[in-house]
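Right, one structure below, let's go through it.
Only this structure's heavy atoms are used, side chains among them; waters, hydrogens and symmetry mates stay out. The residues of the chain are indexed from 1 along the displayed sequence.
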Amino acid sequence: MVRTLTRAEALAIGMLLARPASTDRERILASGLPARTFEVARQRVIASGWLVDRFVPDPALAGRDLAVFALGRPFAEHQAEVSKA
């Protein structure tokens, strides 16, 4: 089932992705949401599997200066095949 993100969920996702080194308090303040609203939205986002917290090792350990991540959003009709790939 596909559903639309709420405004609070979208703001929580944005803060979690854009401010990875920030504290939860800093993210809440930057989002402009009440603290409890932010926490509930963050919990829904994580419980839904939209965001998964992962540990990424220091790229210098692999001889690299940085790590690059790309996020993609396939059309709904291609979601299953992209997930399998």
Side-chain angles (χ1 to χ4, degrees):
M1 178 176 92
V2 177
R3 75 168 180 85
T4 304
L5 290 174
T6 65
R7 179 179 178 276
E9 290 166 343
L11 287 169
I13 289 171
M15 291 298 105
L16 292 167
L17 293 175
R19 302 177 66 100
S22 299
T23 65
D24 283 342
R25 190 80 194 129
E26 291 169 335
R27 289 182 188 130
I28 291 167
L29 290 172
S31 75
L33 295 170
R36 185 68 186 136
T37 302
F38 183 90
E39 285 300 321
V40 168
R42 184 182 65 80
Q43 289 169 357
R44 277 195 312 251
V45 164
I46 291 170
S48 297
W50 294 332
L51 286 181
V52 179
D53 200 10
R54 299 276 190 219
F55 171 74
V56 178
D58 184 350
L61 295 174
R64 304 286 183 203
D65 293 332
L66 58 100
V68 177
F69 296 90
L71 300 176
R73 190 174 122 198
F75 290 109
E77 61 268 19
H78 298 294
Q79 199 166 21
E81 67 186 72
V82 171
S83 292
K84 287 178 186 175

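- In terms of heavy-atom proximity, Glu9 sits nearest to Thr4 at OE1-O, 4.4 Å.
- A salt bridge between Glu39 and Arg36 is absent, with no side-chain N of the basic residue lying under 4.0 Å from a carboxylate O of the acidic one.
- Separating the CD1 atom in Ile13 from the OG atom in Ser31 is a distance of 12.5 Å, to the nearest 0.5 Å.
- To the nearest 0.5 Å, atoms CD1 (Ile28) and CZ (Arg19) are separated by 11.5 Å.
- Cluster partners of Leu66, by chain and number: Val68. The rule joins Ile, Leu, Val, Met, Phe, Trp and Tyr whenever side-chain heavy atoms lie under 4.5 Å apart.
- Remark: Asp24 CG to Arg42 CZ distance equals 5.5 Å, nearest 0.5 Å.
- One hydrophobic cluster, built from ILVMFWY side chains closer than 4.5 Å, cannot hold both Val45 and Leu11; they sit in different ones.
- Taking CZ from Arg73 and CD from Gln79, the interatomic distance works out to 10.0 Å, rounded to the nearest 0.5 Å.
- Distance check, rounded to the nearest 0.5 Å: CG of Leu29 to CZ of Arg27 gives 12.0 Å.
- Residues Trp50 and Met15 are members of separate hydrophobic clusters, defined by side-chain heavy-atom contacts under 4.5 angstrom among Ile, Leu, Val, Met, Phe, Trp and Tyr.
- Residues Ala41 and Ala12 come closest through the heavy atom pair CB-CB, 4.1 Å.
- Considering every non-hydrogen atom in both Ala67 and Pro59, the closest pair reads N-CG, 3.9 Å.
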